[in-house]
Amino acid sequence: MSENYEDVIIGLETHIQLSNLKTKFFCGCNSNYYGKEPNSHVCAGCLGFPGILPSINKKAIEFATRLALALECKINKFFYFFRKQYYYPDMARNFQLTLYNKLGGKAFADGGIVPIKINGIKKNIQLNRIHLEEDPARLVHKGSIKSSPYTLVDFNRSGIALIEIVTDPVITSPVEAREYLNQLKSIVQYTGISDLNIEGTCRVDANISIKGSARVEVKNINSFKEVERALKWEIQRHRHAIKRGKIIIQETRGWDEKRRITFEMRKKEFEEDYRYFPEQDLPIIEIDDNFIDNIKKEMPEMPSERMKRFQKECNLSEFDAEILVLDKDMADFFEEGISSEKSFGSEEYKQYCNWLMGDLSRWLNDNSKSITETKLTPKILVDLINTINNGKITGKIAKTLVDDMMKGIEIQEILKKSGKQRISDENRITKVVREVIEENPKIVEDTKKNPKAIQALIGKCMAKTKGQLDPEITKEILLKLIK
Ligand SMILES: [Zn+2]
């Protein structure tokens, strides 16, 4: 059943850790805390001790500028931080340092767009603003938050620089939300400010309402697939409630991934609850054109530019190029492979792309891995394509090599070990063909009336050799001997 989403209004707030910074936002602690011992990356500053003054990480401002340029936002030339006050175990100082676009404050940048495409239809998702703020500490529970007998606090995350990307309420379906997030992730990957393959580097808050009804926020969803699921659930929940004459209340909900339902967290706080006021321990930050120009000059290539280049230089179709560039690691892999083999031309580029997007992507999906988490090298795929093209193996056999290729084993080695080389030696083929003719007199008889029956005999030859015979030569020899 296809849902009708005409009355649905969705806005997304995506929080991305600037994981490629070396240090935290307002202190010198190492920001690479992923998988490290809890509370090992901390200092008096990010533990909230009194009297410690923050100092700002300039690189964080550079990274934000890079993203703002990539998203075509309008960068504000001066801004200052606010204290957002709340009392909670994850917030050692009892306030969070953040930008705020009210009370005279400004976002880091306003506007911007993320282009998406669904079923061939293009749309620009309009952004409202991008913000900078610090991440609170991480609360760890045993089992679920509801049943855990205690809460542990890990301050390694406290003070990590976050960038928040806020859309206008212009997203009209859960599928559109997911596609927007995929494209945003791609752009962020290309800017090099964050490695979104690391778990926990990206969290999404989704605002959703049915036209004429109150807005509900679903907080802290960890994956794009879950965002889509949570939105679908919420739309259903709102529709049921409205049908039964109930009123949707404005509130903040959580998403339970296991049970796949949202649950009530708290009634929506209002902004005045946070008692925002300007941070006096940090200066007003001014950005001049020179600063922006320097970052512009060093901007890495963006996915849309790379797509056009792949179309032009490698003769890839728009469709292929578009999918290929989405994952930067995949596109890097493609580029390294095809440029290492001088004999490759358009045909081979297409083959290389097809392998990456087809069998290899399928394997990665099935095993929930990214290409950089395997030992496959661009050169192994080059060798595979050369081995297919010079007739040493059939495409069908090639598909059976993927497991070993992912372990980083060279093609020649796999073939030597498994004996899967294609057989094109006429004497060996003739021997197999003779056996098959002898064992299947009825099919041989059939081929005299119906030439298509030859396929059945080719199939029998293949079955005897696990598909290693060269099909063309086998067919020739069969025809010759039957005559
Ligand atoms: Zn620190």
Side-chain angles (χ1 to χ4, degrees), residues 119-120 314-320 323-324 338 341 343-367 380-406 409-483:
N119 299 328
C314 311
N315 222 358
L316 292 184
S317 68
E318 182 181 332
F319 181 80
D320 285 344
I323 300 175
L324 183 59
I338 61 147
E341 178 68 9
S343 70
F344 272 14
S346 299
E347 281 291 309
E348 290 81 11
Y349 297 159
K350 167 88 180 144
Q351 258 181 305
Y352 202 94
C353 175
N354 285 349
W355 269 95
L356 271 181
M357 298 294 99
D359 290 89
L360 300 182
S361 286
R362 230 179 337 264
W363 189 96
L364 294 171
N365 255 336
D366 292 347
N367 292 279
I380 293 177
L381 187 53
V382 167
D383 287 347
L384 180 79
I385 285 166
N386 281 333
T387 316
I388 298 169
N389 291 352
N390 60 29
K392 282 200 183 131
I393 55 169
T394 59
K396 206 173 153 196
I397 287 182
K399 285 177 189 290
T400 67
L401 309 185
V402 173
D403 271 332
D404 282 334
M405 287 164 62
M406 290 298 189
I409 308 175
E410 301 281 337
I411 298 296
Q412 288 314 318
E413 208 177 309
I414 303 174
L415 294 179
K416 221 190 279 166
K417 236 182 22 194
S418 61
K420 278 178 178 164
Q421 296 237 23
R422 178 190 272 193
I423 300 167
S424 49
D425 176 59
E426 292 199 14
N427 291 331
R428 283 182 69 188
I429 298 178
T430 306
K431 193 168 161 271
V432 177
V433 168
R434 279 192 204 284
E435 281 172 29
V436 167
I437 291 179
E438 216 157 275
E439 288 161 12
N440 301 282
K442 196 173 169 300
I443 307 178
V444 174
E445 226 17 66
D446 286 351
T447 58
K448 289 171 186 162
K449 282 167 272 165
N450 173 18
K452 278 187 187 159
I454 195 90
Q455 288 304 334
L457 291 174
I458 296 174
K460 297 269 181 203
C461 294
M462 289 297 180
K464 269 182 180 289
T465 56
K466 291 182 185 142
Q468 288 183 73
L469 295 192
D470 184 303
E472 286 304 310
I473 303 175
T474 306
K475 191 176 177 185
E476 271 171 40
I477 294 178
L478 264 170
L479 286 170
K480 206 168 70 189
L481 290 184
I482 289 174
K483 246 185 196 169

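From a predicted model like this one, the values you see are computed outputs, not experimental measurements.
- The shortest side-chain heavy-atom distance between Leu381 and Met405 falls under the 4.5 Å cut-off.
- A donor-acceptor pair shorter than 3.5 Å can be found between the side chains of Asn389 and Gln351.
- Note that OH of Tyr352 and CG of Leu316 are 12.5 Å apart. Values are rounded to the nearest 0.5 Å.
- Atom-to-atom distance recorded for Ile443:CD1 and Asn450:CG is 11.5 Å, nearest 0.5 angstrom.
- Contact check for Leu360 versus Met406: side-chain heavy atoms found under the 4.5 Å cut-off.
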Start with the C-alpha distance between Val402 and Trp355, add both sets of side-chain angles, then the distance that settles side chain to side chain contact (heavy atoms under 4.5 Å, CB included), and finish with yes or no.
CA-CA 10 Å; Val402 173; Trp355 269 95; 4.1 Å; yes

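- Distance check, rounded to the nearest 0.5 Å: OG1 of Thr430 to CG of Leu481 gives 6.5 Å.
- Results of the side chain to side chain contact (heavy atoms under 4.5 Å, CB included) test with Ile409 over Asp403, Ile414, Ile380 single out Ile414 as the only residue that passes.
- Side chain of Asn367 to backbone of Trp363: a donor-acceptor contact under 3.5 angstrom is found.
- Looking only at side-chain heavy atoms (C-beta outward), Leu478 and Thr447 stay at 4.5 Å or farther from each other.
- Distance check, rounded to the nearest 0.5 Å: OG of Ser343 to CD1 of Ile385 gives 10.5 Å.
- A side-chain donor-acceptor contact under 3.5 Å links Glu348 to the backbone of Gly345.
- Taking 4.5 Å as the limit, every side-chain heavy atom of Asp383 sits out of range of all side-chain heavy atoms of Gln412.
- With a 4.5 Å cut-off on side-chain heavy atoms, Val432 and Thr474 do not count as touching.
- For the atom pair CZ of Arg434 and CD1 of Ile477, the computed distance is 9.5 Å after rounding to the nearest 0.5 Å.
- Counting heavy-atom neighbours within 6.0 Å of Glu435 CD, excluding the residue itself, gives a total above 12.
- Arg362 and Asp366 are not joined by a salt bridge, as no carboxylate oxygen comes within less than 4.0 angstrom of a charged side-chain nitrogen.
- Within a 6.0 Å radius of NZ in Lys464, more than 12 heavy atoms belonging to other residues, nucleotides or ligands are found.
- Looking only at side-chain heavy atoms (C-beta outward), Ile393 and Leu384 come within less than 4.5 Å of each other.
- Here the CD1 atom belonging to Ile482 is positioned 5.0 Å from the CD1 atom belonging to Ile437, to the nearest 0.5 angstrom.
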Test Lys350 against Asn315 for side chain to side chain contact (heavy atoms under 4.5 Å, CB included), laying out the working first.
CA-CA 8 Å; Lys350 167 88 180 144; Asn315 222 358; over 6 Å; no

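- Counting heavy atoms of neighbouring residues, nucleotides and ligands inside a 6.0 Å radius, atom CD of Glu439 exceeds 12 of them.
- Side-chain contact between Leu415 and Leu401 is present, with at least one heavy-atom pair separated by less than 4.5 Å.
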